[in-house]
Amino acid sequence: MDTPVKFGIIGCGIIAENHAAAIEASGGAELAAVADVIGERARAFAEAHNCAAAYASYAELLQRDDIEVVSICVPSGLHAEVAIAAMQAGKHVLCEKPLDIRRDRMAAMIATAEATGMKLGVVYQRRVTPVALAAKEVAATGGLGRVVLGSAELKYHRTPGYYRSAGWRATWELDGGGALMNQGVHGIDLLQWLMGDVRRVSARVATLVHEIEVEDTAVAWLEFENGALGIITGATSVYPEQPTRVALHGSQGSLVFSDRGVEAWTVDGKELTETVASLPGLDFAHGHQPFIDNMVAVAREGQDVLVSAQEARKAVDVILAIYESSRRGVPVEVTHGDEDG
């Protein structure tokens, strides 16, 4: 049997539990070390997951020659710093969403991956759900005819306690935004992956319920490169929370699906089949497993990552354009360069 690929986890907060569970469930991975700026938290996390090494400095973890893959689970605004250091230390990287919160730092991450030859993957779990993969196949093969409309409804509920649970939450500096950058980025990534790149946005974001510095409510109008139009609604201000819902409409069909499953599925003018109707929804409770298994294959076989950094940055670029449009009160072109507005 092949020697397991040794993983390190940097950042031992809530999302790190998903990475650790997927590493433990993988037949080819082993959690060798963890790091967190709060040393006690790192030690408790390591003990809970039968991991032999815990560090209060990620630099110490990166000095270990046996670690081949690092999961980045630190606050969003620190993703670039930690990922770049990991790749420069010769580690492949699996980064939590979003890639980062600034264009220049995302560009630096991509440049570092190219310069070092290390692979940089990003976790977007909704992409690997069966319904999303089926929708991608339909969209890519022209089953909707000319695609004309797309929408993503991303309506979450968050309590004041959620925002108090960590000092970096809901800050521009480390969270990069609110309902869109933290929660909604999954659905925005999915919409642009299915519909195609976004050319232009016009948006309004607001803070209507929570006492936070970033947005808790947002609406954006989109124009895609293929000429289709779209709408994004995002919030952490609504009660109760609503299922994430994505809709694609074309001249020959429509696909509508949510966390609860398929709501409508017409392809080439024909209604959905029983097979499609039975597809599970967008829930991604176990969505980290494919990404961890993929990183094992990256390290052992040189496979490509499931979601590349170049792909992952697109949703962030859309969100940054939405923020700029709301701030300036004008439509804004979506750019994928390295300059931040």
Side-chain angles (χ1 to χ4, degrees), residues 97-99 121-155 180 183-201 203 218-234 242-273 275-277 279-284 287 290-291 304-319 321-322 334 336:
K97 60 77 186 170
L99 179 60
V122 184
V123 181
Y124 277 117
Q125 307 99 301
R126 292 193 188 275
R127 284 199 186 198
V128 299
T129 57
V131 70
L133 292 171
K136 181 65 172 178
E137 176 68 17
V138 171
T141 55
L144 299 181
R146 178 172 183 179
V147 179
V148 295
L149 285 173
S151 64
E153 298 176 19
L154 316 167
K155 302 171 184 176
L180 297 183
Q183 288 79 25
V185 65
H186 279 292
I188 293 169
D189 170 73
L190 189 59
L191 183 65
Q192 67 82 30
W193 182 56
L194 295 172
M195 292 284 294
D197 291 352
V198 179
R199 175 188 299 161
R200 184 181 297 112
V201 304
V219 176
W221 167 87
L222 315 176
E223 180 182 346
F224 295 89
E225 291 286 358
N226 59 17
L229 304 180
I231 293 288
I232 293 169
T233 51
Q242 304 296 303
T244 291
R245 186 171 182 267
V246 174
L248 313 178
H249 302 285
S251 59
Q252 296 296 317
S254 292
L255 310 179
V256 184
F257 48 94
S258 73
D259 292 336
R260 295 174 178 171
V262 175
E263 298 178 18
W265 197 279
T266 303
V267 178
D268 292 325
K270 298 176 182 178
E271 294 296 326
L272 59 85
T273 64
T275 301
V276 172
L279 285 173
L282 285 168
D283 176 66
F284 51 86
F291 289 89
D304 290 333
V305 293
L306 285 180
V307 180
S308 70
Q310 290 87 342
E311 267 292 299
R313 74 163 298 161
K314 291 179 180 180
V316 180
D317 287 331
V318 170
I319 294 169
I322 287 172
V334 177
H336 303 293

Derivation of the side-chain contact (heavy atoms from CB on, under 4.5 Å) call for W265 and V138: CA-CA 10 Å; W265 197 279; V138 171; 4.0 Å; yes
Flag side-chain contact, heavy atom, 4.5 Å: [X] against [Y]:
| X | Y | result |
| --- | --- | --- |
| Q192 | D197 | yes |
| K314 | V198 | no |
| E223 | L229 | yes |
| L190 | L282 | yes |
| E153 | T233 | yes |
| V267 | V276 | no |
| T266 | E271 | yes |
| I231 | W221 | yes |

Note: D189-R127 ion pair, threshold 4.0 Å (strictly below): yes
Nearest 0.5 angstrom please: [X] [atom1] to [Y] [atom2], how far?
| X | Y | atom1 | atom2 | value |
| --- | --- | --- | --- | --- |
| F257 | L248 | CZ | CG | 5.5 Å |
| N226 | R146 | CG | CZ | 7.5 Å |
| K155 | T244 | NZ | OG1 | 10.5 Å |
| I232 | I322 | CD1 | CD1 | 4.5 Å |
| L149 | L144 | CG | CG | 11.5 Å |
| K97 | Q183 | NZ | CD | 6.5 Å |

Tell me whether K136 at atom NZ has more than 12 heavy atoms from other residues, nucleotides or ligands lying less than 6.0 Å away.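 Above 12, so yes.
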Over all heavy atoms of both residues, which pair between [X] and [Y] is shortest? Give the atoms and the distance, please.
| X | Y | answer |
| --- | --- | --- |
| G287 | V128 | O-CG2, 4.2 Å |
| G187 | A152 | O-CB, 4.2 Å |
| L191 | G150 | CD1-C, 4.0 Å |
| A247 | V256 | CB-CG2, 4.0 Å |
| S308 | V122 | O-CG2, 4.5 Å |
| L99 | A309 | CD2-O, 3.6 Å |

Y124: which residues meet the ring pair (Phe, Tyr, Trp, His ring centres under 6.0 Å) condition with it, sequence neighbours left out? H186
